[in-house]
Q: 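Sharing a structure below in structure tokens format, with a few things to ask.
Computed over heavy atoms, backbone and side chain alike; hydrogens, waters and symmetry mates excluded. Throughout, protein chains are lettered first and strands after them, A, B, ... in sequence-line order, and every chain is numbered starting at 1. Worth saying up front: this structure is predicted, and the values here are computed from it rather than measured.
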2 protein chains.
Amino acid sequence: MTNINLYTKKLRESGLRPTKQRLKICEVLFSSEKTFHFTINDLTKIIEEKLSEKISLATVYNTIHAFKKKGYLKEISINSDKSYFDTNITDHQHFFDEDKSQLIDCGDDEIDSVNVKRNITGKKIKSIEVLIRVASDNQNQN
Amino acid sequence: MTNINLYTKKLRESGLRPTKQRLKICEVLFSSEKTFHFTINDLTKIIEEKLSEKISLATVYNTIHAFKKKGYLKEISINSDKSYFDTNITDHQHFFDEDKSQLIDCGDDEIDSVNVKRNITGKKIKSIEVLIRVASDNQNQN
DNA sequence: AAATACTTTAAAACTATTCTAAACTATTGA
DNA sequence: TCAATAGTTTAGAATAGTTTTAAAGTATTT
Ligand SMILES: [Mn+2]
Ligand SMILES: [Mn+2]
Ligand SMILES: [Zn+2]
Ligand SMILES: [Zn+2]
């Protein structure tokens, strides 16, 4: 399957038609073997700089949300003014480097799976998210 | 130690003088044996309704931040448009009821402690946060 | 081709949070 | 005592990420 076909499939399955703009977004999100973490701002900059293409912010937001809803992207919970997304949709956890405001994947082999012994009546577990905040040793402690 | 003295101590240790407004905030935060989770909006409403006192939002924000910085409050990481705070500053984890947008404490005995096998060079672990998202079984799955 | 449906876009709106600057209050020290 | 100084509260303005709007553009259907 060519990349264009793959992008088209993902867009269609997310309820979106494969337009020029959306395919560009896909190119940034899904062309690399490597997964990555990004904010909407990051993504918009990459599109503008690497693909020298100007896409309206609204289109970027809409597309990212459709992919998130369908499960082609994950959103990572951090206390931050911005939203962080992840092209790695497998079950995995994160370090958050507070010095650089940067997410780092934590492999399955690097953390024991979380065992929850309690269940909330009438509720189902949707996800278990672990965030390990790290910072430089010699931090301004104050 | 009377409550007023306790509040005064907490304020002073957070670098704030014990003013009328700040003591009111303390009363809501620290008078009950039970700990609780809140947003700034919640807290402001409680102050206005229960204590029939009007305190400027800026004062609430400043006081909450000072307490957080000092460690008398914790902030919980959720993907939300608002910040959630916790008067329970002991090491514990959370369920997040997505139907009600409500945090539920997860006791030490209800979850196995997380074992991280990797360390990031030059970085120290500041915290390990676990968030278990739950929602009603019969959710609109779409 | 005309009608219809979907999309992009710039700009406006929205909202939680932070900042500002002026009025107010408490503390200091002569 | 009381003026000078330092700290505080407040309403409103500013900020910034995100969402909404509405009009112009594009694609699809009949
Ligand atoms: Mn926020
Ligand atoms: Mn946000
Ligand atoms: Zn990741
Ligand atoms: Zn809690």
Side-chain angles (χ1 to χ4, degrees), chain A residues 4 7-8 10-28 37-48 51-70 73-86 101 103, chain B residues 4 7-8 10-28 37-48 51-70 73-86 101 103:
Chain A
I4 287 286
Y7 305 159
T8 299
K10 288 193 166 170
L11 285 166
R12 284 244 142 85
E13 289 186 338
S14 304
L16 301 174
R17 287 192 192 160
T19 63
K20 178 166 141 294
Q21 289 85 346
R22 289 172 181 159
L23 287 168
K24 285 293 178 189
I25 293 171
C26 286
E27 204 175 319
V28 173
H37 306 105
F38 65 92
T39 65
I40 296 285
N41 204 38
D42 294 340
L43 187 64
T44 306
K45 264 194 199 137
I46 295 173
I47 292 169
E48 283 183 8
L51 306 187
S52 39
E53 192 85 9
K54 164 92 177 75
I55 298 178
S56 161
L57 249 193
T59 299
V60 177
Y61 271 102
N62 292 341
T63 306
I64 296 307
H65 280 150
F67 279 149
K68 184 199 161 184
K69 189 172 182 197
K70 178 63 187 181
L73 288 175
K74 289 212 297 189
E75 191 172 0
I76 310 301
S77 297
I78 305 172
N79 266 358
S80 164
D81 42 349
K82 321 182 177 185
S83 291
Y84 283 73
F85 294 89
D86 197 339
S101 289
L103 284 164
Chain B
I4 287 286
Y7 306 159
T8 299
K10 288 194 167 173
L11 285 165
R12 283 245 143 82
E13 290 187 339
S14 305
L16 300 173
R17 287 193 192 158
T19 63
K20 179 167 143 292
Q21 290 86 344
R22 289 171 181 159
L23 287 167
K24 286 292 179 187
I25 294 171
C26 286
E27 205 175 320
V28 173
H37 306 106
F38 65 92
T39 64
I40 296 285
N41 204 38
D42 295 339
L43 186 65
T44 307
K45 263 193 198 137
I46 295 173
I47 293 169
E48 284 184 7
L51 306 187
S52 40
E53 192 85 8
K54 164 90 178 76
I55 298 178
S56 163
L57 250 193
T59 299
V60 178
Y61 272 100
N62 292 342
T63 306
I64 296 307
H65 280 150
F67 280 150
K68 184 199 161 186
K69 189 172 180 196
K70 179 62 187 181
L73 289 175
K74 289 212 296 188
E75 191 172 1
I76 310 300
S77 297
I78 305 172
N79 265 358
S80 165
D81 40 349
K82 319 181 175 183
S83 291
Y84 284 73
F85 294 89
D86 198 339
S101 290
L103 283 164

Q: Once salt bridge (charged side-chain N to carboxylate O under 4.0 Å, His left out) is applied, do any residues pair with A:Lys74, and if so which ones, sequence neighbours excluded?
A: none
Q: Using whole Å, report how far CG of B:Leu23 lies from P of C:dA26.
A: 12 Å
Q: In whole angstroms, how far is the P atom of C:dA16 from the CD1 atom of B:Ile78?
A: 15 Å
Q: For the residue pair A:Thr59 / A:Asn62, report whether a side-chain donor-acceptor contact shorter than 3.5 Å exists.
A: no
Q: Whole Å only: how far is the OH atom of A:Tyr61 from the P atom of C:dT9?
A: 16 Å
Q: At a cut-off of 3.5 Å, list every protein nitrogen or oxygen paired with a nitrogen or oxygen from nucleotides 5-8 of chain C, distance to 0.1 Å.
A:
unit_1	atom_1	unit_2	atom_2	d
C:dT7	OP1	A:Arg17	N	3.1
C:dT7	OP1	A:Arg22	NH1	2.9
C:dT8	OP1	A:Thr19	OG1	2.1
C:dT8	OP1	A:Gln21	OE1	3.3
C:dT8	OP2	A:Arg22	NE	3.1
C:dT8	OP2	A:Arg22	NH2	3.1
C:dT8	O3'	A:Gln21	NE2	2.9

Q: Please give, in whole Å, the distance from D:dT8 C1' to B:Leu11 CG?
A: 13 Å
Q: Would you say C:dT17 has OP1 or OP2 under 4.0 Å from some side-chain N or O of B:His65?
A: no
Q: First locate atom CZ of B:Arg17, then atom OG1 of B:Thr8, and finally report the distance between them rounded to the nearest 0.5 Å.
A: 13.0 Å
Q: Write down the distance between CG (A:Asp81) and P (C:dC14), rounded to a whole number of angstrom.
A: 22 Å
Q: List the residues meeting side chain to side chain contact (heavy atoms under 4.5 Å, CB included) with B:Glu13, not counting sequence neighbours, and say none if there are none.
A: B:Lys9, B:Lys70, B:Tyr72
Q: Say you draw a straight line from CD of A:Glu27 to CD1 of A:Ile4; how long is it, rounded to the nearest 0.5 Å?
A: 7.0 Å
Q: Report the distance from atom CG of B:Asn79 to atom P of D:dT19, rounded to the nearest whole Å.
A: 11 Å
Q: Please give, in whole Å, the distance from D:dT18 C1' to A:Phe38 CZ?
A: 15 Å
Q: For D:dT18, does either OP1 or OP2 sit under 4.0 Å from a side-chain N or O belonging to A:Ser83?
A: yes
Q: Is it the case that the side chains of A:Asn41 and A:Thr44 hold a donor-acceptor pair, with the cut-off being a distance below 3.5 Å and no angle test?
A: no
Q: Quick one: A:Leu57 CG to C:dT9 P, roughly how many Å, whole number?
A: 11 Å
Q: Which nucleotide in the list D:dT20, C:dT17, D:dG17 gets nearest to the side chain of A:Lys82?
A: D:dG17
Q: State whether the side chain of A:Ser14 and the backbone N or O of A:Leu16 hold a donor-acceptor pair below 3.5 Å, judged by distance alone.
A: no
